Amino acid sequence: SGLGFLPLSLLLDEMGRRLVPSPYLPSLLGALAIEAGGSDAQQARWLPDIASGERIATLALYEPSSGYEPAGVRATAEPTEGGFVLRGQKRFVLAGGCAQLLVAPFREPSGQVSLFVVELPAKGVTIENEIGTDPTRRTARMALEGVRVGREARLESSGEAALHRTHVRGFAVLAAEMVGAA
């Protein structure tokens, strides 16, 4: 939305103070990943809709048998004619039940981890709401089975570098929200 990092942190602090049950944080995390890994064209395609609130984004990092680090990515991206076929499962996806853009890491046959953007709903994506302890943070399980995406869905920068940058900035704004809640 054009805010610098300090004003953004202050906004999240206030949202935490008021316990705002909003998809703002998941959309912010998805946008941070697109900003960190996307080309100018990819950013122009998705960020304005996220910033205006027209689309809710989310970042799906966790898988059933691993944490959020790139080494634990088991979901796969197989190259095909004109794009990729995505397969795998993601857990604890914030706002997963209402998101229209999913940003998630997938492992390519070379072993490289890349970030992909999936426009939802999409054929082959199954979403199941999870029951959590925090009603202000709705999460979902997502299964991706044979989801076809074009080449433009793969963010151009190194997936691991983009994930690291997103983690650092995401943890900082999450901490700001938690300080506000405290």
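All figures in this text were calculated on a predicted structure; none of them were measured in a lab. Scope of the values below: all heavy atoms of this structure, side chains included, with no hydrogens, waters or symmetry mates.
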- Item | Derivation and outcome, salt bridge (charged side-chain N to carboxylate O under 4.0 Å, His left out), residues Glu108 and Arg154 | CA-CA 11 Å; Glu108 295 187 50; Arg154 181 182 178 273; 2.7 Å; yes

- Query: If you take all heavy atoms of Thr58 and Ala99, which pair is closest and at what distance?
  - Reply: CG2-CB, 3.7 Å

- Message: With a 4.5 Å cut-off on side-chain heavy atoms, are Leu144 and Leu102 touching?
- Response: yes

- Query: So, for Ala77 and Leu86, which heavy atoms are closest and what is the spacing to 0.1 Å?
  - Reply: CB-CD2, 3.6 Å

- Can any side-chain N or O of Ser66 pair as donor or acceptor with the backbone N or O of Gly72 at less than 3.5 Å? yes

- Query: side-chain hydrogen bond (donor to acceptor under 3.5 Å, both in side chains) with Arg169: which residues, sequence neighbours excluded?
  - Reply: Glu35

- Task: Quick one: list whatever passes side-chain hydrogen bond (donor to acceptor under 3.5 Å, both in side chains) with Arg55, sequence neighbours left out.
- Result: Glu119

- Rounded to the nearest 0.5 Å, how far does CD1 of Ile34 lie from OG1 of Thr166? 9.5 Å

- Message: If you compare all heavy atoms of Gly97 against all heavy atoms of Ile127, which two are closest, and at what distance to 0.1 Å?
- Response: CA-CG2, 4.1 Å

- Go through the steps for Val147 and Val149 under the test side chain to side chain contact (heavy atoms under 4.5 Å, CB included), then give the verdict. CA-CA 7 Å; Val147 177; Val149 296; 4.3 Å; yes

- Message: Has Glu130 got a side-chain atom pairing as donor or acceptor with Phe92's backbone, closer than 3.5 angstrom?
- Response: yes

- Query: Looking at CZ of Arg107 and CD of Glu78, how far apart are the two atoms once the value is rounded to the nearest 0.5 Å?
  - Reply: 12.5 Å

- Query: Linking I/L/V/M/F/W/Y whenever their side-chain heavy atoms sit closer than 4.5 Å, directly or via other members, would Val113 and Leu29 fall into one cluster?
  - Reply: yes

- Message: What's the separation between atom CZ in Arg137 and atom CG in Leu94, rounded to the nearest 0.5 Å?
- Response: 6.0 Å

- Donor-acceptor pair, Lys123 side chain versus Arg148 backbone, under 3.5 Å? no

- Query: Under 4.5 Å between side-chain heavy atoms, hopping through other hydrophobics if needed: is there a path connecting Tyr62 to Val93?
  - Reply: no

- Does the side chain of Val179 come within less than 4.5 Å of Asp13's, by heavy atoms? yes

- Task: Work out which heavy atom in Leu163 is nearest to a heavy atom in Pro70; give both atom names and the distance.
- Result: CD1-CG, 3.9 Å

- Heavy-atom closest contact (Pro105 atom, Leu115 atom, distance): N-CD2, 3.7 Å

- Following the transitive rule for hydrophobic clusters with a side-chain heavy-atom cut-off under 4.5 Å over Ile, Leu, Val, Met, Phe, Trp and Tyr, establish whether Leu59 and Met178 coincide in one cluster. yes

- Query: Just wondering, are more than 12 heavy atoms of other shown residues or ligands nearer than 6.0 Å to CG in Asp134?
  - Reply: yes

- Task: Find out whether Gln112 and Glu160 are in side-chain contact, i.e. whether some heavy atom of one side chain is under 4.5 Å from a heavy atom of the other.
- Result: no

- Given side chains that start at C-beta, do those of Val168 and Arg165 come closer than 4.5 Å, heavy atoms only? no

- Task: Carefully, step by step, assess Leu12 and Leu25 under the rule side chain to side chain contact (heavy atoms under 4.5 Å, CB included).
- Result: CA-CA 8 Å; Leu12 266 292; Leu25 180 63; 4.1 Å; yes

- Salt-bridge test for Glu63 and Arg91: reply yes if a basic N is under 4.0 Å from a carboxylate O, no otherwise. no

- Query: Of all heavy-atom pairs between Ser27 and Ala57, which one has the smallest distance, and what is that distance?
  - Reply: OG-N, 2.9 Å

- Message: I'd like to know if Val103 and Leu8 are part of one continuous hydrophobic network [Ile/Leu/Val/Met/Phe/Trp/Tyr, side-chain heavy atoms within less than 4.5 Å].
- Response: yes

- Rounded to the nearest 0.5 Å, what separation is found between the CZ atom of Phe116 and the CG atom of Leu155? 8.5 Å

- Does a donor on one side chain sit under 3.5 Å from an acceptor on the other, for Thr76 and Arg87? no

- Quick one: do Gln42 and Val117 satisfy side chain to side chain contact (heavy atoms under 4.5 Å, CB included)? Show the steps, please. CA-CA 10 Å; Gln42 289 169 322; Val117 178; over 6 Å; no

- Task: Please lay out, stage by stage, how Glu14 and Leu10 fare under the test side chain to side chain contact (heavy atoms under 4.5 Å, CB included).
- Result: CA-CA 6 Å; Glu14 285 300 311; Leu10 293 172; 6.0 Å; no

- Message: Hydrophobic clustering (ILVMFWY, side-chain heavy atoms < 4.5 Å, transitive) - are Val118 and Leu101 grouped together?
- Response: no

- When rounded to the nearest 0.5 Å, the distance separating CD of Gln100 from CG of Leu120 is 8.0 Å

- Task: Would you give the length of the straight line joining atom CE of Met15 to atom CG of Leu28, rounded to the nearest 0.5 angstrom?
- Result: 9.5 Å

- Is a donor on one side and an acceptor on the other found under 3.5 Å between the side chain of Glu156 and the backbone of Gly38? no

